[in-house]
Number of protein chains: 2
Amino acid sequence: MGVLHDAMTPKRSVPPRSTRQRQAVLSALHARGAFTSARDLHEALEADGVAIGLTTVYRALHVLNRTGRVDVIREKTGERLYRPRPEDGHRHYLVCRACGLSKVVEADAVERWAENVAEATGFAEVEHTVELTGVCGDCRVGPAARDSAG
Amino acid sequence: MGVLHDAMTPKRSVPPRSTRQRQAVLSALHARGAFTSARDLHEALEADGVAIGLTTVYRALHVLNRTGRVDVIREKTGERLYRPRPEDGHRHYLVCRACGLSKVVEADAVERWAENVAEATGFAEVEHTVELTGVCGDCRVGPAARDSAG
DNA sequence: GACCTTACGATAATGATTATCGTTTGCGAT
DNA sequence: ATCGCAAACGATAATCATTATCGTAAGGTC
Ligand SMILES: [Zn+2]
Ligand SMILES: [Zn+2]
Ligand SMILES: [Zn+2]
Ligand SMILES: [Zn+2]
């Protein structure tokens, strides 16, 4: 699966502050390997004894997305799922519909294609969303033993 | 922008019935060139004197999507937008963020890429979503004179 | 420590989509 | 034409992720 490719991030005169909550969200996100929803993240945090409001989790995820620290995908239902971005530049993912396992996939071909389309059509500020889903090897055998692990 | 690629449509023993409402939805969809939301479609229909429930519009769009008559994309907000499918096989679209204008784009490169990824990773039943957005030539000059025309 | 601004968070609101469920209707069979 | 029944309809309520509010708390700088 892929990424909601963020367009021009309007420059922020003041950098985001470093707060306990924001660090906790990013850390909790790293603790999970797989794509996670805001609500799941919130539950996990509270379960770990971290006091944090759901609103704040959403806000933190927005910031992290704007600053390029996390990638976002959308489920069929429309729910947003987050995952820390491996390195610099955005990525695309292939996600198992049964267990949530996600793999980063090579997508240079898509990047080039998107650029070409932009040129050919005369559209400006072209963004792309590319997502792949499927059923992973494990799940083809014994469907979804795990939960949302990845 | 692209398509929520529908996986295996489970075979339907009984074919969908032909109803006044379903025909009206498809026809209204063709009347508009651009991607349209279920609600907008419903309003347009009622404005045309077609008595139809919103629920039915949603149902009709589901059916039309299942049977491959319409393509679906998602806005940033998550709202689903529908457009009649040009011909056979699914398509991908480039949509203007300012005015809604949509163009079908050539995406063979993406199709091949998706197939290759599927093979390489050993995932089964791989589906893809590919969406492009940008700002069209007209809108670069005078931003969004029109509405949601396309 | 004072100050200003950003961030928090409990709570309410939003809004698209889906579920309910009694009524209507397409349509194949009689 | 009419019967019968599953499919379709539609008014209404429910769902549920996300966003808006707004008073309070706390970074960060001088
Ligand atoms: Zn799996
Ligand atoms: Zn990309
Ligand atoms: Zn435009
Ligand atoms: Zn495709």
Side-chain angles (χ1 to χ4, degrees), chain A residues 4 6 9-29 35-46 48-67 69-70 72-83 100 148, chain B residues 4 6 9-28 35-46 48-67 69-70 72-82 100 148:
Chain A
L4 300 183
D6 230 332
T9 302
K11 285 144 205 49
R12 180 172 272 278
S13 47
V14 185
R17 285 181 188 169
S18 165
T19 65
R20 162 180 74 77
Q21 292 92 337
R22 227 162 266 180
Q23 291 168 1
V25 167
L26 188 54
S27 137
L29 210 46
F35 277 100
T36 312
S37 72
R39 295 192 101 95
D40 283 352
L41 217 44
H42 182 232
E43 277 182 26
L45 283 163
E46 297 240 292
D48 276 358
V50 178
I52 186 173
L54 177 56
T55 304
T56 301
V57 173
Y58 276 107
R59 263 193 299 246
L61 290 170
H62 285 170
V63 171
L64 290 170
N65 181 232
R66 270 205 307 273
T67 56
R69 312 283 288 275
V70 306
V72 185
I73 60 174
R74 301 192 81 118
E75 289 228 307
K76 279 260 170 67
T77 64
E79 188 180 28
R80 289 200 250 282
L81 304 181
Y82 304 83
R83 185 189 138 142
S148 66
Chain B
L4 299 183
D6 229 331
T9 304
K11 286 143 203 51
R12 179 173 273 277
S13 47
V14 185
R17 286 180 187 171
S18 165
T19 66
R20 162 180 75 76
Q21 293 91 337
R22 214 113 60 179
Q23 291 167 1
V25 167
L26 188 54
S27 137
F35 277 100
T36 313
S37 71
R39 295 192 102 96
D40 283 351
L41 217 45
H42 181 232
E43 277 182 25
L45 283 162
E46 297 238 293
D48 276 358
V50 178
I52 186 173
L54 177 56
T55 305
T56 302
V57 173
Y58 276 105
R59 264 193 299 245
L61 290 170
H62 285 169
V63 171
L64 289 170
N65 180 234
R66 270 206 306 273
T67 57
R69 311 282 289 276
V70 306
V72 186
I73 60 173
R74 299 191 85 116
E75 289 227 309
K76 280 261 170 69
T77 63
E79 188 179 29
R80 284 196 256 274
L81 304 180
Y82 303 85
S148 66

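Just so you know, these numbers come straight off a predicted model, no measurement behind them.
Between the side chain of B/Arg20 and the main chain of B/Ile52, no donor-acceptor pair closer than 3.5 Å is present. Of the possible donor and acceptor atoms, none in the side chain of A/Arg69 sits under 3.5 Å from a partner among the backbone N and O of A/Val63.
Contact check, B/Arg39 against C/dA16: a side-chain N or O comes under 4.0 Å of OP1 or OP2. Regarding contacts with the backbone of D/dA20, every side-chain N or O of A/Arg59 stays at 4.0 angstrom or more from both OP1 and OP2. In this model, the phosphate group of D/dG10 is approached by a side-chain N or O of B/Thr56 to a distance below 4.0 Å at OP1 or OP2. Note on B/Arg74: every side-chain N or O is 4.0 Å or more away from OP1 and OP2 of C/dT17. Here B/His62 reaches the OP1 or OP2 of C/dT18: one of its side-chain N or O atoms lies under 4.0 Å away. Contact annotation: A/Gln21 side-chain N/O to D/dA26 OP1/OP2 distance is not under 4.0 Å.
Between the CG atom of B/Leu45 and the P atom of D/dG10 there is a distance of 11 Å, given to the nearest Å. Rounded to an integer number of Å, the gap from CD1 of A/Ile52 to P of D/dA25 is 18 Å. One can place CG of A/Leu64 at 14 Å from C1' of C/dA7, the figure rounded to the nearest angstrom. Summarising the geometry, the separation between NZ on A/Lys76 and P on C/dT17 is reported as 15 Å, rounded to the nearest angstrom. One interatomic measurement links the two molecules: CD of B/Glu43 to C1' of C/dA16, which rounds to 14 Å at whole-angstrom precision. Going from atom CZ of B/Arg80 over to atom P of D/dA17 covers 14 Å, rounded to whole Å. In this structure, the CG atom of B/Leu54 is 14 Å from the P atom of C/dA19, given to the nearest Å. For B/Leu61 and D/dG10, the CG to P distance is 14 Å, given to the nearest whole Å.
Between the NE2 atom in B/His42 and the CG atom in B/Asp40 there is a gap of 11.5 Å [rounded to 0.5 Å]. To the nearest 0.5 angstrom, A/Leu41 atom CG is 11.5 Å from A/Glu46 atom CD.
The minimum heavy-atom distance between B/Leu45 and B/Ala24, with the atom names listed, is CD2-O, 3.7 Å. Heavy atoms only, all atoms of each residue included: A/Glu75 and B/Arg74 are closest at O-NH1, 4.1 Å.
As judged by a 4.0 angstrom heavy-atom cut-off over every strand, A/Arg22 is placed among residues touching the sugar-phosphate backbone only.
Under 3.5 Å, the side chain of B/Thr77 and the base of D/dT18 form no donor-acceptor pair of N or O atoms.
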Report task. Applying side chain to side chain contact (heavy atoms under 4.5 Å, CB included), run through B/Ile73 and B/Phe35 and close with a yes or a no. Result -> CA-CA 8 Å; B/Ile73 60 173; B/Phe35 277 100; 3.7 Å; yes
Requested in this report: Tell me, with the steps shown, if B/Leu61 and B/Val57 meet side chain to side chain contact (heavy atoms under 4.5 Å, CB included).
Outcome: CA-CA 6 Å; B/Leu61 290 170; B/Val57 173; 3.9 Å; yes
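Rounded to 10 degrees, the angle separating the terminal helix axes of the helix from C/dG1-D/dC30 to C/dT30-D/dA1, each built from five base pairs, is 40°.
Side chain of B/Glu79, nearest nucleotide from C/dA10, C/dT17, D/dA17: C/dT17.
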Query raised in the report: What does nucleotides 24-30 of chain C look like as a protein-contact string, B for base, S for sugar-phosphate only, - for none, at under 4.0 angstrom between heavy atoms?
Result: -BBS---
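For the side chain to side chain contact (heavy atoms under 4.5 Å, CB included) test with B/Val70, the passing option among B/Thr36, B/Val25, B/Leu64 is B/Leu64; the others fail.
The shortest distance between side-chain heavy atoms of B/Gln23 and B/Leu26 does not fall below 4.5 Å.
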